[in-house]
Enquirer: 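I have a structure here, written as structure tokens, and I will follow up with some questions on it.
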Amino acid sequence: MKLYFETSNFPWQPERYRYAAEQMMLTLFPEERPEYPEKPLPKDMSGETNAAVFTLHRGKKLTNVSALVFRLRGWHNGVTRFPSEKLDETPEEVYHTVQHALKLAFYKAGTALLGTEPPWGALTGVRPVKLPTRALLAGSTPKQAREELEKEYRVSRSRAALAVDCAKASVEAGRSLKSGEISLYIGVPFCPTRCVYCSFVSADVGRTFKLVEPYVEGLLREVEETGRVLRELGLTVRSFYMGGGTPTTLSASQLDRLLSQCEESLPLEGCAEYTVEAGRPDTITREKLEVLKAHGVGRISINPQTLEDHVLEAIGRRHSAGDIRAAYGLARETGFGCVNMDLIAGLPRDSFEGFCRSLEGVLDMGPENITVHTLALKRGSRLMEEGGQLPDGTQVLRMLDFSGDRLKERGYLSYYLYRQKYMSGALENVGWSRPGRESLYNIVMMEELHTVVSLGAGGVTKLVGGGKILRLANPKFPQEYLSGLDKVLGQKREIEAFYRQ
Ligand code: SF4
């Protein structure tokens, strides 16, 4: 889609708003990619079939931002107005006002041409809960926070309510955090096989077996160095999360060594939540679960994604729904009192009925947390490259709406959510929990409530403080991580520098 930014009677530096325009274009027309024509806007646009023209006009009292959108044989002009005095505020505030107005103008024109509105309206970011959280913290009631989403951002009633429920959980989690507390993540990027929708750095362990042991050795060193830095700074770990990949791809003795090192080095004395993902049932054994239990792990994740055997096969899993039930039973027998299970709506060869059966099956098992994801088609995944028979956006919306209703009926509350690019139906991923069993890590990580230090390949540390967020990324792939380990260890000094400031 051609995107034109017109000059204006206000120096609005239109190139700053390209990202906002692209985000809205992807929300409304996901199949499009942006083009910025070098030639000026043609005088005669009558033959145009795929373009958007943005203008800003500052009037005495009101400023108009308009988006004239041409699509197939139609066109529509969307306009947003705001008081002109807003253009005299700080550059950051002006940017915020104009980009919101531009997105909304584009949204009005685009949805008029499409004849339909997406469930998240004009919201394009991955963290839609931040807005209502800010509103609640500023003194709005939940009803006012919901109405702001509906009116200002055209979010549907159901999604606005979902976001406000998660915002309430975020506010509560934020209030429980004490200064000097952080969360800690360890990534284990290995899985028994690669799922067709996965674009993650995770490597199929069959092909990378020889890397696993050196990787564990590398992690032991990083854990030790991180522990030294955290202790020197007087920081303590409030929530611990080992994810991946599938950490239980490691052997029982590798898990034992890694968790022993964590206990020895990390300031875990005040750790309130200790999670290890045991996502794939084909990696779970009694011995490994006993190792986790012996090290105080209290929460694990067993992720079926579906309980339909033909769908498991279509996504590249080498196990059955029966194996998932057996792994869940084993986790309960071993004494795990908090289990999360993930489901995905929109998987290849799945259907509305199949998804509902999977949800009911998971509800019957009765985990404390259930996370309902929407399939996202990601670059680098086999599904993106090879294609597959996928349920359409309307069916996925039905699946998510059904899951929301059923989970509420069964006493679960939504407590965190996020969105990703290229999701079926432009929907969301939602974490549901039995009251009081919410995962603190998921909330703090998603809402960026405090520092999360990440270890291992692909780990991105986010240092949060003083109104700033500083990101420190580890190398993405296990091989790069190992060859760059000295640099990874050296980078811990930046954590010190950040906190010493
Ligand atoms: S279990 Fe997760 S990380 Fe592993 S291959 Fe499947 S989607 Fe990727």
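What you are looking at is a predicted structure, and each value in this text was computed from that prediction instead of being measured. Counting convention: from 1, in listed order, for ligands and their atoms alike.
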Enquirer: List every atom of ligand 1 that sits less than 4.0 Å from any heavy atom of Arg194, numbering the atoms from 1 in the order shown and giving each element.
Expert: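 What qualifies from ligand 1 is 5 (S).
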Enquirer: Tell me, please, if Cys198 has any N/O/S atom, main chain or side chain, under 2.8 Å from atom 4 (Fe) of ligand 1?
Expert: no
Enquirer: Are any of the side-chain nitrogens in Asp401 or Arg159 under 4.0 Å away from the carboxylate oxygens of its partner?
Expert: yes
Enquirer: In plain terms, say whether Arg146 and Glu150 are close enough for a salt bridge, that is, a side-chain N and a carboxylate O under 4.0 Å apart.
Expert: yes
Enquirer: Flag Cys195 as yes if one of its N/O/S atoms falls below 2.8 Å of atom 6 (Fe) of ligand 1, otherwise no.
Expert: yes
Enquirer: Can you say whether the rings of Phe29 and Phe106 are parallel (under 30°), tilted (30 to 60°) or perpendicular (over 60°)?
Expert: tilted
Enquirer: As an exercise, state the distance from CG of Leu255 to CG of Leu292, rounded to the nearest 0.5 Å.
Expert: 5.5 Å
Enquirer: At a 4.0 Å threshold, what atoms of ligand 1 neighbour a non-hydrogen atom of Tyr197?
Expert: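 This gives 7 (S) as the contact atoms.
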Enquirer: So is Gly279 close enough to ligand 1, meaning a heavy atom under 4.0 angstrom away?
Expert: no
Enquirer: Salt bridge between Arg349 and Glu308, side-chain N to carboxylate O under 4.0 Å?
Expert: no
Enquirer: Using a 4.0 Å cutoff against the non-hydrogen atoms of Thr193, which atoms of ligand 1 qualify?
Expert: 5 (S)
Enquirer: Got a second to check how far Ser351's OG is from His310's NE2, nearest 0.5 Å?
Expert: 6.5 Å
Enquirer: Which atoms of ligand 1 sit under 4.0 Å from any heavy atom of Gly245?
Expert: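 Matching atoms, with element in brackets: 3 (S).
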